[in-house]
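A, B, ... follow the sequence lines: proteins, then strands. Residue 1 opens every chain.
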Amino acid sequence: MTEKTVSPDTQKELDRQLRILSRGVVELLPREEFITKLQRAIEERRPLRVKQGFDPTAPDIHLGHTIGVRKLRQFQELGHKIVLIVGDYTAMVGDPSGQSATRPKLSYDEIMKNAETYQKQFFKILDKSKTEIHFNGEWFRKMDFVEIMNLATRFTVARLLERDDFSIRLKSGVPISLHELFYPLMQAYDSVAIKADVELGATEQTFNLLAGRTIQEAYGLEPQCILTLPILIGVDGKQRMSKSLGNYIGIDEPPGEIFGKVMSIPDDLIYDYFELATDVSLERLQQIKQVLSDSNINPMDTKRELAETLVDMYHPAGSGRLAREEFDRVFSRKLLPNEMPKVGPNELVAFGLDPKAVYLVHLMTKAGLTRSNSEARKLIEAGGVSLDDEKITDSNYEFELAKETVLKVGKRRFLKLMPA
RNA sequence: GGUGGGGUUCCCGAGUGGUCAAAGGGAACAGACUGUAAAUCUGUCGGCGUAGCCUUCGGAGGUUCGAAUCCUCCCCCCACCA
């Protein structure tokens, strides 16, 4: 083999792309191989096929997902082909990566419903016209048992069990179902089916991504390169962001929700969120790091900026500022929000309540502010409920709706009551 | 297939016939404090217009005045042996 000479133009473009694509990446394996692929792509004007798979196990894309999706967008902007795999079949297995227990099985209908909202949310970030989407059911549905066995011969049980999540479960006596062992093989086969050049994933995906290389080679293809990205910690500050842990910020959530959730993250996560979930410049990142390390400066302002930035990324321009103003009103200055759900006499009657003697406990539950009457009573007795800023502590409280009245439950639940 | 150990409220886990809506911890929620968050302290943490009732301890039956606790059958998990 002769060493190919690289034209200066190619070299320049290669460097440019590498610089952009390397930002925020944990590992790029094997690096040399990736450079070769990228160079070839540039020279032959043949875009790389960049794959990422998503299992529609929950209906929302959250900030943790966006790390990968935003990296995909960078590839897209550089002219490469994005291939999204919607894992309708893999979702039925449930990815064991990083899991300490078998995941609950979803019905196919639920999966397909989730898949639909997923796609809508993806294209808040990606350019739809330049994206190829496949459901992995397209190929798995057609596989017969011989083909499945054939796929299964490419991997050994020992290799699968050397993974942390499996070995920990095995040692601590937590069950592992046989089908879970198939997950990495399925994901790997997706790479065969769509002939991926590169696959992205979070660091915990490394095993699955590498399995893709093994399986592609076994099927006579050039193995993909893998690119791993950091895992975003959720709003609880402890575990990775995930829908099932309830510590996530969904990109489809209303501005106020996104803003509030961002404000609730621990202070020491502010930098990570800026780095991983936003597109602020490297210079700005440096400044943020400085500001945060200065103990004389209240990190709240930096957090506000973060929250505003994130809201603006997924909502129309200016939404972030509005959300910030609203947050300041309601939480810092404890004023009323601009917008609150309203309830008038008609709704009261529909709730089975008498506007002349509104039973507060029922109102709270019927209006959806509390989940049960008991919960409503407990909240009242705990001093968490007020009418027009007057704390109510009697759980049998009844009142006549004679004027516009604001009901406040806890810090963030409001209801405006309108008289006739 | 055999032997042994298990399945308890959102999670972990105590509970072996009444005093059990079930200890303790975590999570969550509310209150105080505050600079958003954290920390700390306090309270709540099955349901019902608060009154005793109703539903809950893998499932179905049964014993008993009374069952998470005892019996029978079934389902599931783990370990070891084969």
Student: Arg413(A) has a side chain; which of C29(B), G47(B), U36(B) sits nearest to it?
Tutor: C29(B)
Student: Of the listed nucleotides (C48(B), C29(B), G31(B)), which one gets closest to any side-chain atom of Lys411(A)?
Tutor: G31(B)
Student: Which listed nucleotide (C45(B), G35(B), A37(B)) is nearest to the side chain of Asn298(A)?
Tutor: G35(B)
Student: Is there a Watson-Crick or G-U wobble partner for U69(B) with both distances under 3.5 Å, and if so, which one is it?
Tutor: none
Student: If we take the P atom in both C75(B) and G59(B), what is their distance in whole Å?
Tutor: 15 Å
Student: Under 6.0 Å from the ring centre and within 45 degrees of the ring axis: does the NZ or CZ of Arg163(A) meet both conditions for the six-membered ring of Phe166(A)?
Tutor: yes
Student: What's the closest nucleotide to the side chain of Lys391(A) if the choices are U36(B), G31(B), C48(B)?
Tutor: G31(B)
Student: Should U44(B) form a Watson-Crick or G-U wobble pair with both distances under 3.5 Å, which nucleotide is its partner?
Tutor: A28(B)
Student: Mind checking the P distance from A27(B) to C81(B)? Whole angstroms is fine.
Tutor: 40 Å
Student: Between G17(B) and C57(B), how many Å separate the two C1' atoms, rounded to a whole number?
Tutor: 15 Å
Student: Are Tyr219(A) and Tyr189(A), when compared by the centres of their aromatic rings, separated by less than 6.0 Å?
Tutor: yes
Student: Measure from the side-chain heavy atoms of Met300(A) and tell me the nearest of A30(B), U44(B), G35(B).
Tutor: G35(B)
Student: Distance check needed: G49(B) C1' versus Ile392(A) CD1, whole Å only.
Tutor: 16 Å
Student: Say we look at U19(B) and C11(B): how far apart would their C1' atoms be, to the nearest angstrom?
Tutor: 28 Å
Student: Let me know, please, whether Ile270(A) or Val361(A) comes out on the 5' side of the other along RNA chain B by nearest nucleotide.
Tutor: Ile270(A)
Student: Of all the choices, G35(B), G31(B), G49(B), which nucleotide is nearest to the side chain of Arg377(A) once you look at every atom?
Tutor: G49(B)
Student: Between Lys378(A) and C45(B), is there a contact of a side-chain N or O with OP1 or OP2 at under 4.0 Å?
Tutor: yes
Student: In sequence, state the C-alpha distance, the side-chain angles, and the governing distance for Leu407(A) and Val409(A), and then conclude on side-chain contact (heavy atoms from CB on, under 4.5 Å).
Tutor: CA-CA 7 Å; Leu407(A) 167 64; Val409(A) 178; 4.2 Å; yes
Student: Between C29(B), C48(B), G49(B), which one does the side chain of His362(A) approach most closely?
Tutor: G49(B)
Student: Taking the six-membered ring of Phe122(A) (Phe, Tyr or Trp), confirm whether the NZ or CZ of Lys128(A) is under 6.0 Å from its centre and within 45° of its axis.
Tutor: no
Student: Could you let me know what A39(B) is paired to, Watson-Crick or G-U wobble, both distances under 3.5 Å, or none if it's on its own?
Tutor: none
Student: Using whole Å, report how far NZ of Lys303(A) lies from P of G35(B).
Tutor: 15 Å
Student: Can you tell me, in whole Å, how much space there is between the C1' of G18(B) and that of U64(B)?
Tutor: 12 Å
Student: Let's test this: given Watson-Crick or G-U wobble pairing with both distances under 3.5 Å, identify the partner of A79(B).
Tutor: U3(B)
Student: Would you please classify the geometry between the Tyr89(A) ring and the Phe140(A) ring as parallel, tilted or perpendicular, with 30° and 60° separating the classes?
Tutor: parallel
Student: Between C48(B), G35(B), A30(B), spot the one nearest the side chain of Asn373(A), thanks.
Tutor: C48(B)
Student: Can you tell me whether the base of U44(B) sits syn or anti, using the 90° cut around 0 to define syn?
Tutor: anti
Student: Which residues pass the ring-ring contact (aromatic ring centres under 6.0 Å, His included) test with Tyr314(A), sequence neighbours left out?
Tutor: none
Student: Distance criterion of 3.5 Å, no angle test: do you see the side chain of Asn396(A) paired donor-to-acceptor with the base of U50(B)?
Tutor: no
Student: Closest approach to the side chain of Lys238(A), judged atom by atom: which nucleotide of A27(B), U36(B), A30(B) is it?
Tutor: A27(B)
Student: Can a side chain N or O of Ser374(A) be found less than 4.0 Å away from OP1 or OP2 on G46(B)?
Tutor: no
Student: With C1' as the reference atom in both, quote the distance from A30(B) to A22(B) in angstrom, rounded to an integer.
Tutor: 24 Å
Student: Identify, with sequence neighbours excluded, every residue that meets salt bridge (charged side-chain N to carboxylate O under 4.0 Å, His left out) alongside Arg284(A).
Tutor: Glu305(A)
Student: Between atom CE in Met364(A) and atom P in G49(B), what is the gap in whole Å?
Tutor: 13 Å
Student: Using the P atom as the point on both nucleotides, what is the distance between A23(B) and C78(B), in whole Å?
Tutor: 30 Å
Student: Mind calculating the distance between CD1 (Ile176(A)) and P (C78(B)) to the nearest angstrom?
Tutor: 9 Å
Student: Which nucleotide in the list U36(B), A37(B), C48(B) gets nearest to the side chain of Pro299(A)?
Tutor: U36(B)
Student: Between C74(B) and A79(B), how far apart are the P atoms? Round to whole Å, please.
Tutor: 23 Å
Student: Once the angle between the rings of His80(A) and Phe75(A) is folded into 0 to 90°, is it parallel (under 30°), tilted (30 to 60°) or perpendicular (over 60°)?
Tutor: perpendicular
Student: Assign each of Phe331(A) and Ser395(A) to its nearest nucleotide of RNA chain B by heavy atoms, then name whichever residue's nucleotide is nearer the 5' end.
Tutor: Phe331(A)
Student: If I take atom CG in residue Leu269(A) and atom P in nucleotide A37(B), what distance separates them, rounded to the nearest angstrom?
Tutor: 15 Å
Student: How long is the line joining CE of Met263(A) and C1' of U34(B), in whole Å?
Tutor: 13 Å
Student: Determine whether any donor atom in the side chain of Glu398(A) lies under 3.5 Å from an acceptor atom in the base of G49(B), or the reverse, and answer yes or no.
Tutor: yes
Student: For U16(B), what is the paired nucleotide under Watson-Crick or G-U wobble rules, both distances under 3.5 Å?
Tutor: none
